[in-house]
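Report on the following structure.
We count residues from 1, following the sequence as given. Note that the structure is predicted; figures quoted are calculated from it, not measured.
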Amino acid sequence: MTWQKDRLKQIAEADDLHISPFREDGATYGTPTWIWSVVVDGALFVRAYNGTKSRWYQAAVRQKAGRMTVAGLTIEVSFEPVNGEINDKIDDAYRIKYSKSSYLAPMIGKRARAATIKITPRD
């Protein structure tokens, strides 16, 4: 599934995105984690500040689904690890959206780049 343009714009403009991948049972949502998000080429991406060892990242990769809350919405979503050239565009999007943050450098560094996730809505 893909994002509706209006919904994706609403998400892109918000700065309160929390993700909750499923726990090991595949039914219980994990603790919501606030995370930076960017939109690139009509898709939504997030990264784990602490890289692939991050608990939410490991749960997202293992469970492949959960939910997110953002801009007053709760949305059931799927998680897909991302690598390759798209990461350069994701870096650029982070530079634009979070240019004034002292956390920008780590979020476009090797550790966080290795833990990039694409989020898509589920039915």
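Y57 and A115 make their closest contact through CE1-CA, 3.4 Å (heavy atoms, listed as atom of the first residue, atom of the second, distance). The two residues F22 and A59 have their closest heavy-atom pair at O-CB, 4.0 Å. Nearest heavy-atom pair, Y29 versus R23, reported as atom, atom and distance to 0.1 Å: O-NE, 3.5 Å. Between M68 and W3, the shortest heavy-atom distance links the atoms CE-CH2, 3.6 Å.
A donor-acceptor pair under 3.5 Å links the side-chain atoms of R122 to the main chain of V77, judged by distance alone. Between the side chain of D16 and the main chain of A71, a donor-acceptor pair closer than 3.5 Å is present.
Salt bridge annotation for R95-D92: present, with a cationic side-chain nitrogen under 4.0 angstrom from a carboxylate oxygen. A salt bridge does not link K118 to D41: none of the charged side-chain nitrogens sits closer than 4.0 Å to a carboxylate oxygen.
If you take OG on S102 and CE on M107, they are separated by 12.0 Å, rounding to the nearest 0.5 Å. Of the inter-residue distances, the one linking Q10 atom CD with Q4 atom CD reads 10.5 Å to the nearest 0.5 angstrom. Going from atom CG of N83 over to atom CG of N87 covers 7.0 Å, rounded to the nearest 0.5 Å. Rounded to the nearest 0.5 Å, atoms CG (D91) and CZ (R47) are 4.5 Å apart. Interatomic distance, S54 OG to I117 CD1, rounded to the nearest 0.5 Å: 9.5 Å.
Residues I119 and F45 do not share a hydrophobic cluster, clusters being chains of Ile/Leu/Val/Met/Phe/Trp/Tyr side chains in contact below 4.5 Å. Residues L8 and L17 fall within the same hydrophobic cluster, defined by Ile, Leu, Val, Met, Phe, Trp and Tyr side chains chained together at heavy-atom separations under 4.5 Å. In the hydrophobic clustering of this structure, W56 groups with I75; members are Ile, Leu, Val, Met, Phe, Trp, Tyr whose side-chain heavy atoms approach within less than 4.5 Å, directly or through other members. Hydrophobic clustering (ILVMFWY, side-chain heavy atoms < 4.5 Å, transitive): I90 and L44 are in distinct clusters.
Around CG of D25, the count of heavy atoms belonging to other residues, nucleotides or ligands within 6.0 Å exceeds 12. Atom CZ of R62 has more than 12 neighbouring heavy atoms from other residues, nucleotides or ligands inside a 6.0 Å radius.
Relative orientation of the Y103 and W36 rings is perpendicular, given thresholds of 30° and 60° on the angle between their planes.
Here the side chains of H18 and T69 are in contact, with some heavy-atom distance below 4.5 Å.
A cation-pi arrangement is not found for R113 relative to Y94, the charged atom failing to lie both closer than 6.0 Å to the ring centre and inside a 45° cone about the ring normal.
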